[in-house]
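Following: one structure in structure tokens, then a few remarks.
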Amino acid sequence: MKLLSVLFALICICSSVSAQVRQLGGADASVRQYPFMAGVAFARKLVGNGAIIAPRWVLTSASAVYAPQDILFDVQVGADSFLGTGSWYEVLQIYRHPEFVGWDYNIALIHLKGPITYTDTVQPIALATTDRDYLEVIMVSYGTNEEDTQHLREAAYTISADDECVAFLTDGLAKEMVIQHRGYCLLPYRGAQQGQWFNDAGAPVVANNQLYGVFAFSEDEGGINEGSVVTRVISFADWIQSTMVAHS
């Protein structure tokens with residue numbers, strides 16, 4: 001996924017996108033299982049996902065909100081499917097990490113105009129408080145799947161940051177992101193066939209009711225792959241906190 005392809009995807013949002021496969025091996029899930037889920041829309045088209053972390057704040061990847069017109073973004077919560085029954089919130093402003101370069105520092109905060117109303121199907125998630133180099137996780141996304149729906153889906157992965165993970169990656173920026181502890185490799189279990197597309201961006205990666213990462217990118221976007229990269233949330237805890245405090 002190069003910068004131009006990201007921009008093209010966000011501008012086009014072509015009908016052909018819906019035919020791409022992603023999260024093979026995943027399963028439909030209910031938002032009651034993952035009440036922190038948010039669908040991120042640009043002109044009411046799905047461009048990514050996020051996690052509710054405070055009444056007016058959603059954490060996502062910067063690549064999910066790549067388009068510069070913040071006013072055209074909004075967020076859906078409390079829905080089992082994108083554009084299903086749920087609540088919509090308008091975006092006040094988006095804060096992308098100032099060092100975001102298309103892959104690295106791939107994290108952003110969405111500031112909503114009004115506070116989210118919490119219910120049984122809408123709740124915040126806590127950020128991870130321990131730094132882990134290996135963990136079994138679940139990634140949750142509204143991204144278009146192989147059944148051509150945008151139903152909420154869960155898929156099991158492992159995240160890691162070891163030498164084997166770094167050797168697997170082919171792009172220098174991707175390798176550096178993991179080496180410098182700003183990201184994880186997202187790996188399917190042995191034998192599983194899984195893949196991601198651009199509107200999986202920002203998908204929460206969770207374990208033990210904590211948010212460990214947001215999906216950043218796949219080096220083989222749109223097809224089956226053996227590994228992708230997740231932004232390591234704990235490494236940006238200070239930036240997240242300071243940004244929220246400065247603009248609350």
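The model shown is predicted, which means the values in this text are computed figures rather than measured ones.
Considering OG1 of T117 and OH of Y89, their distance stands at 4.0 Å, rounded to 0.5 Å. The CD1 atom of I116 lies 9.5 Å from the OG atom of S87; values are rounded to the nearest 0.5 Å. Atom CG in D131 sits 5.0 Å away from atom CD1 in I234 (nearest 0.5 Å). Between D28 atom CG and R153 atom CZ the span is 5.0 Å, to the nearest 0.5 Å. If you take OH on Y66 and CZ on F100, they are separated by 6.5 Å, rounding to the nearest 0.5 Å. In this structure, the separation between OG on S228 and CZ on F215 is 4.5 Å, given to the nearest 0.5 Å.
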inquiry  = Pair W103, D171 - check side chain to side chain contact (heavy atoms under 4.5 Å, CB included), show working.
reply    = CA-CA 10 Å; W103 277 11; D171 186 271; 2.9 Å; yes
query = After noting the C-alpha distance and the side-chain angles of L59 and I52, does the key distance pass the side chain to side chain contact (heavy atoms under 4.5 Å, CB included) rule?
reply = CA-CA 6 Å; L59 188 68; I52 302 166; over 6 Å; no
Derivation of the side chain to side chain contact (heavy atoms under 4.5 Å, CB included) call for D104 and R182 = CA-CA 8 Å; D104 209 350; R182 293 188 291 269; 2.7 Å; yes
message = Please determine whether side chain to side chain donor-acceptor pair (under 3.5 Å) holds for the pair E136 and T158, giving the CA-CA distance in whole Å, both sets of side-chain angles, and the decisive distance to 0.1 Å.
response = CA-CA 4 Å; E136 296 179 350; T158 61; over 6 Å; no
task = Kindly indicate, with the supporting measurements, whether the criterion side chain to side chain contact (heavy atoms under 4.5 Å, CB included) is fulfilled by C185 and L169.
result = CA-CA 8 Å; C185 287; L169 298 171; 4.0 Å; yes
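Side-chain atoms of L109 and I240, non-hydrogen and from C-beta on, do get closer than 4.5 Å to each other. Taking 4.5 Å as the limit, some side-chain heavy atom of F42 sits within range of a side-chain heavy atom of Q69. Taking the side chain as every heavy atom from C-beta outward, I110 and T60 approach each other to under 4.5 Å. Counting only heavy atoms from C-beta outward, the side chains of V140 and L152 approach each other to under 4.5 Å.
Here the side chain of Y95 pairs no donor or acceptor atom with the backbone of M244 at under 3.5 angstrom. N208 contributes no side-chain N or O that, together with a main-chain N or O of Q210, makes up a donor-acceptor pair within less than 3.5 Å. Although no hydrogens or angles enter the test, the distance criterion places no donor-acceptor pair under 3.5 Å between the side chain of T231 and the main chain of V233. At least one donor-acceptor pair under 3.5 Å links the side chain of N49 to the backbone N or O of Y142. S61 places no side-chain N or O within 3.5 Å of a backbone atom of N106 that could act as its donor or acceptor partner.
Here the shortest heavy-atom pairing between A54 and Y118 reads C-OH, 3.2 Å. A pairwise comparison of heavy atoms in F36 and P204 identifies CE1-CB, 3.7 Å as the closest pair. Contact record, H111 with H247: CE1-O, 2.9 Å, taken as the closest heavy-atom pair. Closest heavy-atom contact between T121 and R32: CG2-CG, 3.5 Å. The heavy-atom pair separating V205 from M139 by the smallest distance is CG2-CG, 3.9 Å. Across all non-hydrogen atoms, the minimal contact from D162 to C165 is OD1-N, 2.8 Å.
Cluster annotation: L92 and I94 are assigned to distinct hydrophobic clusters (Ile/Leu/Val/Met/Phe/Trp/Tyr, side-chain heavy-atom contacts under 4.5 Å, transitive). Hydrophobic clustering, with ILVMFWY side chains joined whenever heavy atoms are under 4.5 angstrom apart, keeps F236 apart from V245. Hydrophobic clustering keeps V230 apart from V214 (ILVMFWY residues linked when any side-chain heavy atoms are closer than 4.5 Å, directly or through intermediates). A chain of hydrophobic side-chain contacts below 4.5 Å, direct or via other Ile, Leu, Val, Met, Phe, Trp or Tyr residues, connects M37 to I138. Tracing side-chain contacts under 4.5 Å through hydrophobic residues (I, L, V, M, F, W, Y), one reaches I107 starting from V206; they form part of the same cluster.
Residues R96 and D70 are paired through a salt bridge, judged by an N-O separation under 4.0 Å between the basic side chain and the carboxylate.
Pairs passing the disulfide bond (SG atoms under 2.5 Å apart) check and including a residue from residues 42-120, sequence neighbours excluded, do not occur.
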Listing, residues 72-81 side-chain donor-acceptor contacts under 3.5 Å, not counting sequence neighbours, or none:
{"from": "D74", "atom 1": "OD2", "to": "R44", "atom 2": "NE", "distance (Å)": "2.7"}
{"from": "D74", "atom 1": "OD2", "to": "R44", "atom 2": "NH2", "distance (Å)": "3.3"}
{"from": "Q76", "atom 1": "OE1", "to": "L83", "atom 2": "N", "distance (Å)": "3.1"}
{"from": "Q76", "atom 1": "NE2", "to": "G84", "atom 2": "O", "distance (Å)": "3.0"}
{"from": "D80", "atom 1": "OD1", "to": "V31", "atom 2": "N", "distance (Å)": "2.7"}

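Crowding of Q180 atom CD: a count of heavy atoms from other residues, nucleotides or ligands under 6.0 Å exceeding 12.
A tilted orientation is assigned to the rings of W239 and H97, their planes being inclined by 30° to 60°.
Residues D133 and S160 bring no donor and acceptor atom of their side chains to less than 3.5 Å of each other. Looking only at atom types and distance, the side chain of S141 has a donor-acceptor partner in the side chain of D200 under 3.5 Å away. With 3.5 Å as the limit, one finds no donor-acceptor pair spanning the side chains of Y212 and R232.
W57 pairs with exactly one of P115, P124, S248 by the side-chain contact (heavy atoms from CB on, under 4.5 Å) rule, that one being S248.
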